[in-house]
Trainee: 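Starting off with a structure, shown below.
Just so it is clear: chains get the letters A, B, ... in the order the sequence lines come, proteins before strands, and each one is counted from 1.
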Amino acid sequence: MKYVIIGNGPAAIGAVEGIRKTDAAGEITLLSKEPHHTYSRPLISYLLLGKTDEEKMKYRPDGFYKENGVSFMPGVGAVSLDTENKTVKTEQGGVKYDRLLIAAGSRPFIPPMKGFETVEKRFSFMTLDDAKSLRDALTPDSRVLIIGAGLIGLKCAEGIAGLCKSITVVDLADRILSSILDRDAAAIVEAHLREHGISFHLSDSVEEFEGGTARLKSGEEIPFDVLVTAVGVKANISLASDAGGECGRGIKVNEKMETSLADVYAAGDCAEGTDSVTGQSRILALMPNAYIQGECAGRNMAGGDAVCDSAMAQNAIGFFGLHMVTAGAYEGDVYESRGENEYKKLFYKDDRLMGYIIIGDIRRAGIYTAMIRDKTPLSGIDFEMICENPSLMPFGRKRRAEMLGGVKA
Amino acid sequence: MKRIYVNEKWCLGCHLCEYNCAFSQSGAMDMATALKGIQIRPNIRVEEGGGICYAVSCRHCDDPLCVKGCIGGALSVKDGVITIDRDKCIHCYTCVVMCPYGAVMPSEDGAVQKCELCVKTKKGTPACVAGCPNGAIVFEERC
Ligand SMILES: Cc1cc2nc3c(=O)[nH]c(=O)nc-3n(C[C@H](O)[C@H](O)[C@H](O)COP(=O)(O)OP(=O)(O)OC[C@H]3O[C@@H](n4cnc5c(N)ncnc54)[C@H](O)[C@@H]3O)c2cc1C
Ligand code: SF4
Ligand code: SF4
């Protein structure tokens, strides 16, 4: 069996590990546009922060490709697919496959902005190379403007806070981290970030750039030296869509990670599957999802029968020591508790937990995540008890014997 | 593979497992000097309430969601033991979001800590099990 994997992030690595669970002999070729050993993309901000280095950022040890019998082709990008002849075309030639995985991730989305090309120093914040060139451009006097107050923009802000003079963040939304936090939670985190010197212009956007000045819709003018755009990402779907594969925002996949093209799978940021909490078809551009989908694809490519039917948003992130965890969907009734620098909201409906937002004390939050994932009936547990404190107590003796005693369900 | 299993009805709630775990992690020679006056941070924790108690530690899952979710490649499976490379850990706590048992937790310095079946500190039976006076946690092959 000849396997070809396009990509070198967690989805691709998950696929290698998934394939090797059952097939020790098949040939695996891995094409990576980025010329690096597999690294942890989210760690690029920690690299600038000085909390990690390029060695420690490696997502898998140096021997990974060799030990797993992977012919690793760094710096080789896939250009197109010839599904008839089961070949991936690259700049250098072609690679034949029996089973193919597209794990090409996403790329920065840069909305059209007037005068954008007049900005001398502008960066995205997606890759190791982006991070290094941004670092090279910064001086202690740099005034940095970041467009986008999402996860990537704010992680970037944290990463460079010690390397520049000032950071201003502009976002169209009326709150920061609007994809994962509700209004109250966002206000807490925003206040924390302001305390660390970051300024915000929310519900606002850039009307026009003129060299080192950004004129906002509100009329305000912001002088800056370095621009970072972190508005959002776009899935890399063209390999599949050009070959006639069904795509929405991402490459459409079923629970086995199969695309509409024969023997072609997709996983990670480029794939669009079903959110198990809401039932909606969407991209879940998060690391755990990428790995889990990739591993599932790998098992199936090797002839297995794995399903990935519990995809959902699940996220842990921290800024300047303030940690937050979120999961699922924010629908239904709400349990809320607050303390100093503590915030917890649990969302529940139809006898199940739908989602949560917790800031501060994040301990054991995975117990809540599991309840969402397993669709645990709330009527069967002591819900009041678990709202206050995540523990295994509310599940009762029988379920605990399965969890802790090795008793089969 | 041998794992730690809980016999809930035998648990006395004495918390000795917690002390033995903290002692085992400390690498010190005697428990009194190792743990005197410090707040212990064991990898096994006793939950109690309403006359019920039992100890919870990492299950060393066959399908470890913490490893799958780790954004830094800091968690891995070594001979079945779910292992943390504290040096690589970036303190994001994605693993905390992933673990269904609440068995991986932030340590004092921020890197996560979890039960590693004492493979880094001693050979054979993990310290918590070795010191349990009532067989409420055992180290054996079950499934
Ligand atoms: C700054 C930042 C912080 C983040 N923080 C978090 C976080 O805290 N938690 C979290 O869960 N997620 C986070 N994410 C998101 C996370 O990084 C992604 O969800 C994850 O990397 C997706 O994995 P993937 O394997 O699908 O794609 P990627 O990691 O993007 O890998 C895709 C790979 O494919 C290669 N490629 C693309 N096109 C081709 C081609 N044509 N031929 C060959 N190779 C190709 C690329 O070079 C790349 O190496 C963050 C992302 C960024 C940018
Ligand atoms: S930390 Fe949690 S998810 Fe990871 S192996 Fe242990 S019990 Fe399983
Ligand atoms: S806290 Fe550390 S071990 Fe846990 S997911 Fe983050 S990097 Fe991995």
Trainee: With no hydrogens and no angle check, is any side-chain donor or acceptor of A:Tyr368 less than 3.5 Å from a backbone partner on A:Ile386?
Mentor: yes
Trainee: Which bit of A:Arg400 comes within less than 4.5 Å of chain B, counting heavy atoms only: side chain, backbone, both or neither?
Mentor: side chain
Trainee: Who among A:Ile362, A:Thr52, A:Thr38 has the most heavy-atom pairs with chain B under 4.5 Å?
Mentor: A:Ile362
Trainee: Salt-bridge test for B:Lys68 and B:Asp63: reply yes if a basic N is under 4.0 Å from a carboxylate O, no otherwise.
Mentor: yes
Trainee: Below 4.5 Å, heavy atoms only, C-beta onward: do B:Val56 and B:Tyr54 meet side chain to side chain?
Mentor: yes
Trainee: State whether B:Asp109 and B:Arg86 are salt-bridged, where the test is any N-O pair (Lys NZ or Arg NE/NH1/NH2 against Asp/Glu carboxylate O) under 4.0 Å.
Mentor: yes
Trainee: For chain A, which candidate among B:Glu48, B:Glu47, B:Arg45, B:Arg3 shows the most heavy-atom pairs at distances under 4.5 Å?
Mentor: B:Glu47
Trainee: Report which part of A:Glu55 has an atom under 4.5 Å of a heavy atom belonging to chain B: side chain, backbone, both, or neither.
Mentor: neither
Trainee: Check whether B:Ala74 gets within reach of chain A through its side chain, its backbone, both or neither, counting any heavy atom under 4.5 Å.
Mentor: neither
Trainee: At a heavy-atom separation under 4.5 Å, does B:Ile4 approach chain A through its side chain, its backbone, both, or neither?
Mentor: backbone
Trainee: If you check every heavy atom in residues 402-409 of chain A against those of chain B, which residues fall under 4.5 Å?
Mentor: A:Met403, A:Leu404, A:Gly405, A:Gly406, A:Lys408
Trainee: Does the A:Ser40 side chain pair with the main chain of A:Pro42, one donor and one acceptor, at a distance under 3.5 Å?
Mentor: no
Trainee: Check each atom of A:Tyr356 against the heavy atoms of chain B and say whether the ones under 4.5 Å are side chain, backbone, both or neither.
Mentor: side chain
Trainee: Extract all donor-acceptor atom pairs below 3.5 Å that involve side chains of residues 93-105 of chain B and protein atoms in other chains or at least two apart in sequence.
Mentor:
residue, atom, partner, partner atom, Å
B:Tyr93, OH, B:Gly110, O, 2.6

Trainee: Among A:Glu295, A:Arg60, A:Met57, which has the most heavy-atom pairs under 4.5 Å with chain B?
Mentor: A:Glu295
Trainee: Looking at side-chain heavy atoms only, is the closest gap between B:Gln113 and B:Glu108 below 4.5 Å?
Mentor: no
Trainee: Any side-chain heavy atom of A:Ser391 sitting closer than 4.5 Å to one from A:Arg364?
Mentor: yes
Trainee: Just so I know, are the side chains of A:Ser310 and A:Arg373 near enough to count as touching, which here means a heavy-atom distance under 4.5 Å?
Mentor: yes
Trainee: Among A:Arg41, A:Gln314, A:Met371, A:His323, which has the most heavy-atom pairs under 4.5 Å with chain B?
Mentor: A:His323
Trainee: Is a donor on one side and an acceptor on the other found under 3.5 Å between the side chain of A:Asp269 and the backbone of A:Gly105?
Mentor: no
Trainee: Has the side chain of A:Lys344 got a donor or acceptor atom that lies under 3.5 Å from a matching backbone atom of A:Cys387?
Mentor: yes
Trainee: Looking at OH of A:Tyr291 and SG of B:Cys70, how far apart are the two atoms once the value is rounded to the nearest 0.5 Å?
Mentor: 11.0 Å
Trainee: With chain B as the partner, which of A:Leu43, A:Leu286, A:Asp374, A:Val325 has the greatest number of non-hydrogen pairs under 4.5 Å?
Mentor: A:Leu43
Trainee: Does any N or O in the side chain of B:Ser107 come within less than 3.5 Å of the main-chain N or O of B:Val112, such that one atom is a donor and the other an acceptor?
Mentor: no
Trainee: Compare all side-chain heavy atoms of B:Cys11 with those of B:Asn134 and state whether any distance is below 4.5 angstrom.
Mentor: no
Trainee: Is there a side-chain contact between A:Tyr330 and A:Met354 (heavy atoms, below 4.5 Å)?
Mentor: no
Trainee: By number, which residues in residues 8-22 of chain A have some heavy atom less than 4.5 Å away from chain B?
Mentor: none
Trainee: Is it the side chain or the backbone of A:Leu392 that comes within 4.5 Å of chain B heavy atoms, both, or neither?
Mentor: both
Trainee: Specify which of A:Arg363, A:Lys58, A:Arg397 makes the most heavy-atom pairs with chain B at under 4.5 Å.
Mentor: A:Arg397
Trainee: Are the side chains of B:Thr121 and B:Gln25 in touch, meaning some heavy atoms are under 4.5 Å apart?
Mentor: no
Trainee: Side chain, backbone, both or neither: which part of A:Asp53 has a heavy atom under 4.5 Å from chain B?
Mentor: neither
Trainee: So do the side chains of A:Met257 and A:Cys308 get within less than 4.5 Å of each other, counting heavy atoms only?
Mentor: yes
Trainee: Cationic tip of A:Lys155 within the cone over A:Phe319's six-membered ring, i.e. under 6.0 Å and within 45° of the normal?
Mentor: yes
Trainee: Which label fits A:His37 and A:Phe72: parallel for a plane angle under 30°, tilted from 30 to 60°, or perpendicular past 60°?
Mentor: perpendicular
Trainee: Under 4.5 Å, heavy atom to heavy atom, which residues of residues 75-85 of chain B contact chain A?
Mentor: none
